[in-house]
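Quick notes on the structure that follows.
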Amino acid sequence: GENVEQHPSTLSVQEGDSAVIKCTYSDSASNYFPWYKQELGKRPQLIIDIRSNVGEKKDQRIAVTLNKTAKHFSLHITETQPEDSAVYFCAVSSLSLNAGKSTFGDGTTLTVKP
Amino acid sequence: GAGVSQSPSNKVTEKGKDVELRCDPISGHTALYWYRQSLGQGLEFLIYFQGNSAPDKSGLPSDRFSAERTGGSVSTLTIQRTQQEDSAVYLCASSASGTGRTEAFFGQGTRLTVV
C-alpha cells in the first residue's frame with residue numbers, strides 16, 4: 001500500500017517568516033495531494049490540494065508544489081501569522097471511480113511566534 | 001445536516017465495558033474512514049469503507065475493535081472490553097469517489113475516556 005512520510009514533525013518560526021512542510025509518497029499511481037489544517041480542539045479541514053497534472057498551486061499565502069518524478073510535495077506558507085499555528089497533515093490518494101483511499105502523513109505541529 | 005456528524009461527542013466508560021460510536025457521513029459519499037487521535041498525536045488509521053467493497057480493516061489495533069457500515073451510509077465503530085489505552089478522540093471522515101475532488105470531510109469527533 002501507499003506509504004507517506006511527513007517532515008518535520010514540529011516547526012517553529014517567527015511571525016512573518018516562511019514555513020515549509022514536505023511529504024514523500026511511494027505509489028507512483030497516486031494523483032491527488034491535499035493538505036489539511038487542524039487547529040487545537042477542532043477537526044482537520046482542507047486548506048489546499050493539487051492534482052498530479054499540475055506542478056504548483058497557490059492560494060494567497062499558501063502554496064503547494066509537486067514533484068512527481070521524485071514523489072514528493074510540499075506546503076509553503078509565506079508571511080506566517082500566529083493564527084497559522086496548527087497541526088498540518090498531508091494526504092495522498094488516487095482519483096478513480098472505485099478507489100481513492102487517502103493515506104495521511106503523521107502531521108507537523110507549526111508554531112508561529114509573535 | 002450538510003456535514004459529517006458523530007455521536008456522542010463525549011463518552012466516559014468504565015474499563016471492560018463495550019462502547020459504540022456512530023458516524024453519519026455526508027449524503028452520497030461512498031468512502032468512509034475511522035481514525036483515532038491521541039492528545040497531540042497524528043491520525044491513526046483504523047478502517048476504510050468504499051461503496052460495496054470489502055472494508056480495509058488493516059488499521060484496527062485488536063480484535064476488540066470492529067466497525068460496520070449499514071446500507072452504505074451510517075457507520076458504527078464498536079470497541080469491546082474497553083481498556084484505558086483506548087482513550088482518545090475517534091474521528092470519522094467521508095469523501096466522494098470519482099475523478100473529481102475527493103477531499104475528506106471530518107466529523108467533530110467522539111472523545112472517549114476509559115476510567
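The sequence lines fix the lettering, A, B, ..., with proteins before strands; numbering per chain opens at 1. Hydrogens, waters and symmetry mates play no part in the numbers below; they use all other heavy atoms, side chains included.
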Problem set entry | Pick from B:A93, B:G107, B:G51, B:G42 with the largest number of heavy-atom pairs that fall under 4.5 Å of chain A | B:G107

For this session: Give the intermediate values and the outcome of side-chain hydrogen bond (donor to acceptor under 3.5 Å, both in side chains) for residues B:Y35 and B:Q37.
Result: CA-CA 7 Å; B:Y35 294 92; B:Q37 188 172 39; over 6 Å; no

Problem set entry | Test item: B:K17 side-chain N/O and B:T82 main-chain N/O as donor-acceptor pair under 3.5 Å | no

For this session: Could you look at B:F45 and say if it's the side chain, the backbone, both or neither that has a heavy atom under 4.5 Å from chain A?
Result: side chain

For this session: Determine whether the side chains of A:Y36 and A:Q38 contain a donor N or O and an acceptor N or O closer than 3.5 Å.
Result: no

Seminar exercise, completed: Okay, B:V4 and chain A: the region with an atom under 4.5 Å from a heavy atom over there is backbone

Exercise. So does B:Q83 have more than 12 non-hydrogen atoms from other groups sitting under 6.0 Å from CD?
Worked result: yes

For this session: Indicate whether the side chain of A:S26 and that of A:E2 have a donor and an acceptor atom separated by less than 3.5 Å.
Result: yes

Problem set entry | Ion pair A:E39/A:K37, N-O distance below 4.0 Å | yes

Problem set entry | Members of residues 104-111 of chain A whose heavy atoms come closer than 4.5 Å to chain B | A:F104, A:D106

Problem set entry | Toward chain B, the part of A:P44 with a non-hydrogen atom under 4.5 Å | both

Seminar exercise, completed: Under 4.5 Å to a heavy atom of chain A? For B:L43 that would be both

For this session: For the pair B:S87 (side chain) and B:V114 (backbone), establish whether a donor and an acceptor sit closer than 3.5 Å, ignoring hydrogens and angles.
Result: yes

For this session: Determine whether A:Y32 and A:S102 make a side-chain contact, defined as any pair of heavy atoms from C-beta on separated by less than 4.5 Å.
Result: no

